[in-house]
Amino acid sequence: MSRSLVTIDLGAVRHNARTLARLLGRSELWAVVKADGYGHGASDVARAALDGGATALCVATVGEALPLRVAHPDARILVLGPAADDEVALAREARLELSVVDERLPEGVPLHLKLDTGMRRWGLSELGEPGPSVVGLMTHFATADSDTAFAEAQLDRFLRLTEPFAERYARHAANSAAALVLPAARLDAARCGIALYGIDPLGQDAARFDLRPALRWDSELALVKRLRAGESTGYGRRFVAEQDAWIGIVPVGYADGFRRDMTGAEVIVGGERVRVVGTVSMDALAVLLPDRRRAGTPVTLVGDGITLEQHAAVAGTIGYELACGIRAAPGRAERTVVE
């Protein structure tokens with residue numbers, strides 16, 4: 001193999017889309033495939049999500065939407081972030097739908113008015129009479145994964161503001177976390193991203209929602225070394241052997257998306273869980289082996305029970321960030337897609 005292999009399982013994406021669509025019931029599933037499908041490949045994931053029951057695709061920018069329109073000419077595509085003035089004509093030509101975050105209402109393109117109900121980022125503070133191009137009303141939760149009381153307060157404000165227009169426009173508020181744990185937020189549609197990829201938005205175990213990880217990451221031991229007691233490996237001598245030990249060098253580092261703050265995470269070497277030790281460098285990391293292993297022994301960085309949620313807990317971040325950061329760059333790694 002190359003230095004590492006990233007495998008995207010579209011069957012898992014289809015399964016997750018079906019699971020979410022069943023959960024949502026009468027609410028539509030809108031698949032969020034921004035940031036290149038959270039690092040999984042936007043076009044591939046979009047196809048699998050649509051096959052699994054999603055009725056629309058969501059991206060962050062017009063630039064992300066345009067290649068999706070080519071790949072999926074009949075799909076409904078919503079741009080969640082603000083569009084620049086010079087992008088409106090492109091959006092109109094590509095039959096996109098735009099989110100509106102201030103008082104400017106572009107003409108000739110379907111619009112979703114975004115209300116700021118507590119995120120204090122993009123969005124309108126108040127809702128007047130929607131214009132003729134408006135097809136949807138939306139908001140975004142700040143704490144659906146951590147503080148449901150605040151999310152419920154946001155939902156209450158959104159419902160209050162939009163109630164006079166409930167029969168005229170689609171209302172959508174739920175992200176993955178809200179779709180899973182806040183049923184009242186499902187409304188007419190839910191915009192699900194991270195759950196679609198089989199990653200728990202609450203940072204625990206996606207399997208409890210019958211969601212399957214879609215990303216697997218494999219490498220191998222490039223070299224095995226014997227450390228004598230008192231010897232170290234890697235920059236800064238962060239790991240010093242207290243007794244004689246075997247370490248394996250894996251040709252993956254932070255340039256590939258295995259971050260420096262993931263030291264201490266577990267990976268699988270030859271079927272056994274082992275710990276990453278020392279400083280993760282740009283192109284390599286070290287693992288502490290239970291005994292001598294051969295170079296070429298398979299290493300699973302993500303998969304077979306090693307999850308991005310577990311790595312995120314070690315790194316003090318979220319699975320979203322890790323998924324987006326894994327790079328299958330030519331010359332360093334391979335990317336393969338399985339159906």
Side-chain angles (χ1 to χ4, degrees), residues 10 12-34 37-38 40 42-60 64-65 68-69 71-81 91 94-100 109-115 117 123 130 133-141 144-145 151 154-155 158-159 161-163 165-199 201 206 209-212 214:
L10 297 184
V13 176
R14 286 190 197 90
H15 168 84
N16 296 338
R18 293 189 190 106
T19 297
L20 291 166
R22 281 196 303 271
L23 177 75
L24 292 172
R26 295 182 180 180
S27 303
E28 294 185 23
L29 169 64
W30 293 359
V32 181
V33 296
K34 63 182 180 177
Y38 291 42
H40 291 66
S43 184
D44 292 327
V45 167
R47 173 168 54 85
L50 292 168
D51 288 347
T55 58
L57 306 173
C58 301
V59 294
E64 287 184 333
L68 271 184
R69 171 54 73 219
H72 304 282
D74 300 321
R76 186 179 184 186
I77 303 176
L78 168 61
V79 178
L80 297 174
R95 295 174 288 113
L96 306 179
E97 300 180 22
L98 297 179
S99 300
V100 174
V109 59
L111 303 176
H112 296 248
L113 300 185
K114 188 167 191 176
L115 297 173
T117 58
S133 296
V134 173
V135 298
L137 305 173
M138 61 186 291
T139 194
H140 191 53
F141 294 122
D145 58 347
Q154 281 191 257
L155 178 61
F158 179 69
L159 293 177
L161 290 170
T162 60
E163 185 58 35
F165 312 104
E167 301 301 318
R168 293 165 54 187
Y169 308 109
R171 295 189 295 177
H172 47 106
N175 53 10
S176 288
L180 292 170
V181 303
L182 194 59
R186 293 168 187 164
L187 303 179
D188 296 307
R191 307 181 305 268
C192 293
I194 199 70
L196 189 66
Y197 308 100
I199 301 170
F209 300 114
D210 190 26
L211 300 172
R212 301 174 185 170

Asker: Could you check whether any side-chain heavy atom of Val32 comes within less than 4.5 Å of a side-chain heavy atom of Tyr38, counting everything from C-beta outward?
Answerer: yes
Asker: Just do the side-chain contact (heavy atoms from CB on, under 4.5 Å) check on Val13 and Leu196 with the steps written out, would you?
Answerer: CA-CA 6 Å; Val13 176; Leu196 189 66; 4.1 Å; yes
Asker: Measuring from Leu161:CG to Leu113:CG, what's the distance to the nearest 0.5 Å?
Answerer: 11.5 Å
Asker: Take Asp188 and Ser27, measure what side-chain contact (heavy atoms from CB on, under 4.5 Å) needs, and give me the verdict at the end.
Answerer: CA-CA 5 Å; Asp188 296 307; Ser27 303; over 6 Å; no
Asker: Is there a side-chain contact between Tyr169 and His112 in this structure, where contact means two heavy atoms from C-beta onward sitting under 4.5 Å apart?
Answerer: no
Asker: Apply side-chain contact (heavy atoms from CB on, under 4.5 Å) to Val181 and Asp145, showing your working.
Answerer: CA-CA 9 Å; Val181 303; Asp145 58 347; over 6 Å; no
Asker: Search all heavy atoms of Ala144 against all heavy atoms of Ala151 and return the closest pair with its distance.
Answerer: CA-CB, 4.1 Å
Asker: Which pair of heavy atoms, one from Leu187 and one from Ala173, lies closest together, and at what distance?
Answerer: CD1-CB, 4.1 Å
Asker: Does a side-chain heavy-atom distance below 4.5 Å link Arg14 with Arg212?
Answerer: no
Asker: Find out whether Leu20 and Leu180 are in side-chain contact, i.e. whether some heavy atom of one side chain is under 4.5 Å from a heavy atom of the other.
Answerer: yes
Asker: Decide yes or no for Tyr197 and Val45: does some side-chain heavy atom of the first lie under 4.5 Å from some side-chain heavy atom of the second?
Answerer: yes
Asker: If you compare all heavy atoms of Ala21 against all heavy atoms of Gly52, which two are closest, and at what distance to 0.1 Å?
Answerer: CB-O, 4.5 Å
Asker: Side chains of His172 and Arg191: do they bring a donor and an acceptor to under 3.5 Å?
Answerer: yes
Asker: Hey, could you give me the CD/OG1 distance between Gln154 and Thr139, rounded to the nearest 0.5 Å?
Answerer: 5.5 Å
Asker: Given side chains that start at C-beta, do those of Leu57 and Trp30 come closer than 4.5 Å, heavy atoms only?
Answerer: no
Asker: Once you round to the nearest 0.5 Å, how far does CG of Leu96 lie from CG of Leu78?
Answerer: 9.0 Å
Asker: Are Thr162 and Leu115 packed together at the side-chain level, in the sense that at least one heavy-atom pair is separated by less than 4.5 angstrom?
Answerer: yes
Asker: Out of curiosity, Ser176 OG to Leu211 CG, how far, rounded to the nearest 0.5 Å?
Answerer: 8.5 Å
Asker: Using side-chain heavy atoms (C-beta onward) and a distance below 4.5 Å, is Leu137 in contact with Phe165?
Answerer: yes
Asker: Considering all heavy atoms of both residues, which atom of Val109 and which atom of Ser133 are nearest to each other, and what is their separation?
Answerer: O-CB, 3.5 Å
Asker: Which atom pair, heavy atoms only, marks the closest approach of Ala60 to Lys34?
Answerer: N-CB, 3.6 Å
Asker: Salt bridge (Lys or Arg N to Asp or Glu O under 4.0 Å), that's the test. Do Glu64 and Arg69 meet it? Break it down for me.
Answerer: CA-CA 9 Å; Glu64 287 184 333; Arg69 171 54 73 219; over 6 Å; no
Asker: What are the two closest heavy atoms between Ser99 and Val79, and how far apart are they?
Answerer: OG-O, 2.8 Å
Asker: Dump the intermediate steps for side-chain contact (heavy atoms from CB on, under 4.5 Å) on Met138 and Arg171, then the final yes or no.
Answerer: CA-CA 6 Å; Met138 61 186 291; Arg171 295 189 295 177; over 6 Å; no
